[in-house]
Novice: 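First the structure, which I've put down as structure tokens, then a few questions once you've had a look.
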Protein chains: 2
Amino acid sequence: MSADAPESTGTRTVERALGLLAYVCEHGAVSLTEAARGSDLSVSTTLRLLRTLETTGFVSRDDSGDYRPGSITIRLGAQALSRETIVSVAEPKLHEIVELTSENAYLGLPSTSDTMLYAAGVQGTHPVQLANWVGRVIPRSTTAAGTAFAGRVGVHGYAVVRSGADHDSTAIAVPVHSVGTIVATLSVVIPNYRVTDPGLESIGALLVRVAGEISERLGSDPLPNQT
Amino acid sequence: MSADAPESTGTRTVERALGLLAYVCEHGAVSLTEAARGSDLSVSTTLRLLRTLETTGFVSRDDSGDYRPGSITIRLGAQALSRETIVSVAEPKLHEIVELTSENAYLGLPSTSDTMLYAAGVQGTHPVQLANWVGRVIPRSTTAAGTAFAGRVGVHGYAVVRSGADHDSTAIAVPVHSVGTIVATLSVVIPNYRVTDPGLESIGALLVRVAGEISERLGSDPLPNQT
DNA sequence: ATCATGTTGTCACTAGATGGAAATCTTCTC
DNA sequence: GAGAAGATTTCCATCTAGTGACAACATGAT
């Protein structure tokens with residue numbers, strides 16, 4: 001959490017519930033009374049808040065009545081961790097791509113089932129640049145990143161979409177694998193006036209190499225375990 | 001979420017905040033307006049709830065103003081996932097221990113800094129049995145599980161505490177490692193009247209072997225990635 | 001410059017969150 | 001078995017605090 005996050009102007013009820021969620025996760029399994037004691041809340045309030053956490057899947061209740069972390073907490077945490085890991089591995093590689101191509105480079109992650117998100121990116125170094133697309137959601141069906149994420153990359157290993165998302169640029173993308181699954185994409189987006197066929201081939205080959213390096217890193221390093 | 005969780009008798013405010021947390025985690029990075037649209041809440045309400053999630057560390061806000069999962073979500077999810085993984089790997093091994101020893105066998109996980117939790121266990125098959133301790137929190141300082149978790153296991157690799165937690169039983173425990181770190185313990189708890197020195201040695205050796213198998217499984221299999 | 005959209009802050013209002021008390025359940029001891 | 005102690009669940013009067021319409025401000029496109 002960044003140091004410049006605002007002071008608590010928050011919602012007390014939500015803070016209480018989130019504190020309970022943290023308590024349950026840190027202790028592994030807690031009774032209602034223990035949770036109330038640990039949070040300094042009344043038992044009734046604690047029950048109601050834990051009920052809410054339970055019905056939403058963030059905690060579950062076992063046969064002995066103890067509350068444990070639920071599947072939603074696990075799923076969201078795993079999703080969040082997965083994104084953090086991929087981004088931190090990919091970020092230096094994006095800089096490397098820009099050094100070698102001078103064009104904008106992006107890491108694409110799956111967002112919804114029919115969109116991708118440019119989750120990270122580095123601006124190119126040309127005087128004439130495309131806008132920065134970090135944070136932008138793009139459709140999968142009509143973009144190079146979506147095509148690469150779906151694995152449709154031909155023999156060279158990359159997908160090209162000319163005059164795609166905004167008609168003035170061409171995108172070239174490759175899939176990034178982790179343990180045999182496509183989990184992300186690398187893209188370079190180029191103004192059309194700078195596109196050449198040899199340039200595309202050269203960038204494509206570079207992306208394939210860099211994606212392989214990222215994939216190897218993701219696939220061979222175990223995710224951090226709890227210490 | 002289990003099908004027998006109660007219907008929502010929850011706290012609307014908390015449900016809204018948790019829904020926003022899920023939305024942020026599922027989409028990776030969302031603007032305030034997108035989050036409000038996706039949750040069908042007013043923008044002011046969404047801002048305030050996301051502020052609460054931010055100050056508690058569950059989400060963070062990046063330079064472009066997008067909300068992303070925060071370190072607390074990642075940490076809690078990773079803790080919860082880690083516990084689930086350890087339990088699912090250990091469960092069949094606990095059954096194996098009981099088949100070979102006929103005594104109660106338990107998996108111990110760290111709870112607070114001075115306690116362990118018996119997170120899983122299998123009852124022994126003797127006609128005269130000890131009570132089931134699954135879900136029970138035990139002190140680290142005076143128990144075999146705590147001693148094993150601290151790594152104080154002598155040359156044979158196991159810790160024994162006679163007449164420990166309830167004076168009528170003797171516990172023998174070994175540490176379970178994952179990627180070089182002790183993350184859990186395996187214990188067998190025996191009524192004192194059945195304790196013999198050769199029996200303890202035999203059980204100790206069995207636990208060391210089984211813990212090694214679990215440790216190998218935990219240490220070498222990467223945790224599941226997001227698909 | 002205007003316009004559209006996104007973000008942040010304000011505050012009157014009342015919905016809904018609270019917690020004390022009672023009821024019920026569970027476990028343990030004798 | 002009865003009784004005690006503790007845990008859990010339910011109830012509901014009270015009033016806190018959560019809400020959202022609106023205003024102000026910021027940003028980007030034309």
Side-chain angles (χ1 to χ4, degrees), chain A residues 4-20 24 27 29-56 59-68 129-137 165-168, chain B residues 4-20 23-24 27 29-56 59-68 130-137 165-168:
Chain A
D4 61 350
E7 299 244 342
S8 179
T9 55
T11 298
R12 188 180 66 163
T13 303
V14 173
E15 282 167 2
R16 286 175 162 181
L18 294 173
L20 279 168
V24 169
H27 292 81
V30 292
S31 69
L32 170 64
T33 314
E34 155 106 43
R37 249 189 326 252
S39 306
D40 205 27
L41 297 173
S42 77
V43 173
S44 325
T45 299
T46 305
L47 178 63
R48 196 170 49 250
L49 295 176
L50 283 171
R51 278 254 173 88
T52 305
L53 288 167
E54 186 185 356
T55 56
T56 52
V59 304
S60 65
R61 198 161 196 197
D62 66 25
D63 291 342
S64 65
D66 282 355
Y67 291 95
R68 294 167 179 262
Q129 299 188 353
L130 292 167
N132 190 350
W133 281 359
V134 173
R136 183 166 173 168
V137 174
D166 69 350
H167 307 299
D168 295 323
Chain B
D4 62 347
E7 298 244 346
S8 179
T9 55
T11 298
R12 188 180 69 163
T13 302
V14 173
E15 283 167 1
R16 286 177 162 180
L18 295 173
L20 279 169
Y23 194 87
V24 169
H27 290 80
V30 293
S31 68
L32 170 64
T33 314
E34 155 108 42
R37 247 185 332 248
S39 307
D40 205 28
L41 298 172
S42 77
V43 172
S44 318
T45 299
T46 305
L47 177 63
R48 196 168 51 250
L49 295 176
L50 283 171
R51 278 258 172 86
T52 304
L53 288 167
E54 186 185 356
T55 57
T56 51
V59 302
S60 65
R61 198 162 195 196
D62 64 27
D63 291 342
S64 66
D66 281 357
Y67 290 95
R68 292 166 180 267
L130 292 166
N132 191 348
W133 281 358
V134 173
R136 184 167 171 166
V137 174
D166 69 350
H167 306 298
D168 295 324

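The sequence lines fix the lettering, A, B, ..., with proteins before strands; numbering per chain opens at 1.
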Novice: Applying salt bridge (Lys or Arg N to Asp or Glu O under 4.0 Å), can you list everything that pairs with Arg68(A), at least two apart in sequence or on another chain?
Specialist: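 Residues passing salt bridge (Lys or Arg N to Asp or Glu O under 4.0 Å) with Arg68(A): Asp62(A).
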Novice: Do the non-hydrogen side-chain atoms of Leu41(B) and Leu49(B) ever get within less than 4.5 Å of each other?
Specialist: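 With C-beta onward as the side chain, the pair touches.
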Novice: Which residues pass the side-chain hydrogen bond (donor to acceptor under 3.5 Å, both in side chains) test with Ser31(A), sequence neighbours left out?
Specialist: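 For Ser31(A) there are no side-chain hydrogen bond (donor to acceptor under 3.5 Å, both in side chains) partners, ignoring immediate neighbours.
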Novice: With the side chain counted from C-beta on, respond yes when Val59(B) and Leu20(B) share a heavy-atom pair under 4.5 Å apart, and no when they do not.
Specialist: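 With C-beta onward as the side chain, the pair stays apart.
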Novice: Report yes if some heavy atom in the side chain of Arg61(A) is under 4.5 Å from a heavy atom in the side chain of Asp66(A); otherwise report no.
Specialist: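 Arg61(A) does not reach Asp66(A) side chain to side chain.
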Novice: Rounded to the Å, how far apart are Arg51(A) CZ and dT18(C) C1'?
Specialist: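 Going from Arg51(A) (CZ) to dT18(C) (C1'), I get 16 Å.
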Novice: Listed by chain and number, what are the side-chain hydrogen bond (donor to acceptor under 3.5 Å, both in side chains) partners of Ser39(B), not counting sequence neighbours?
Specialist: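 Applying side-chain hydrogen bond (donor to acceptor under 3.5 Å, both in side chains) to Ser39(B) gives none.
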Novice: Check the phosphate of dT5(C) against Arg37(B), side-chain N and O only, distance under 4.0 Å to OP1 or OP2. Yes or no?
Specialist: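 Result: no.
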Novice: Mind grabbing the angle between the end helix axes of the helix from dA1(C)-dT30(D) to dC30(C)-dG1(D)? Five pairs an end, 10° rounding.
Specialist: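 Roughly 50°, once rounded to the nearest ten degrees.
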Novice: Are the side chain of Thr52(B) and the backbone of Val14(A) linked by a donor-acceptor contact shorter than 3.5 Å?
Specialist: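 Judged by distance alone, no pair lies under 3.5 Å.
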Novice: Between atom OG1 of Thr46(A) and atom CG of Leu32(A), what is the distance when rounded to the nearest 0.5 Å?
Specialist: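 Thr46(A) atom OG1 to Leu32(A) atom CG measures 6.5 Å (nearest 0.5 Å).
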Novice: Could you check whether any side-chain heavy atom of Leu18(A) comes within less than 4.5 Å of a side-chain heavy atom of Leu53(B), counting everything from C-beta outward?
Specialist: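 Leu18(A) vs Leu53(B): side chains touch.
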Novice: Send over the distance from Leu49(A) CG to dG16(C) P, rounded to a whole Å.
Specialist: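 For the pair Leu49(A) CG and dG16(C) P, the rounded distance is 16 Å.
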Novice: Just how far, in rounded Å, is C1' of dT5(C) from CG of Leu32(B)?
Specialist: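 Rounded to the whole Å, the gap is 12 Å.
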Novice: Provide the start and end nucleotides, 5' to 3', of the part of DNA chain D that has atoms under 4.0 Å from heavy atoms of chain B.
Specialist: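 On DNA chain D, the outermost contacted nucleotides are dG18(D) to dC22(D).
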Novice: Walk along nucleotides 19-29 of chain C from 5' to 3' and tag each nucleotide B, S or - by protein heavy-atom contact under 4.0 Å, base first, then sugar-phosphate.
Specialist: BBB--------
Novice: Closest-nucleotide mapping onto DNA chain D: is Thr33(A) or Thr13(A) further toward the 5' terminus? I mean the 5' end.
Specialist: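 By nearest-heavy-atom nucleotide position, the 5'-most residue is Thr33(A).
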Novice: Taking side-chain hydrogen bond (donor to acceptor under 3.5 Å, both in side chains) as the test, write out the residues that go with Thr33(A), two or more places apart.
Specialist: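 Testing Thr33(A) for side-chain hydrogen bond (donor to acceptor under 3.5 Å, both in side chains), a comparison that skips the adjacent residues, returns none.
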Novice: Restricting to side-chain hydrogen bond (donor to acceptor under 3.5 Å, both in side chains), what partner residues turn up for Ser44(B), sequence neighbours left out?
Specialist: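 Checked Ser44(B) against side-chain hydrogen bond (donor to acceptor under 3.5 Å, both in side chains); zero matches.
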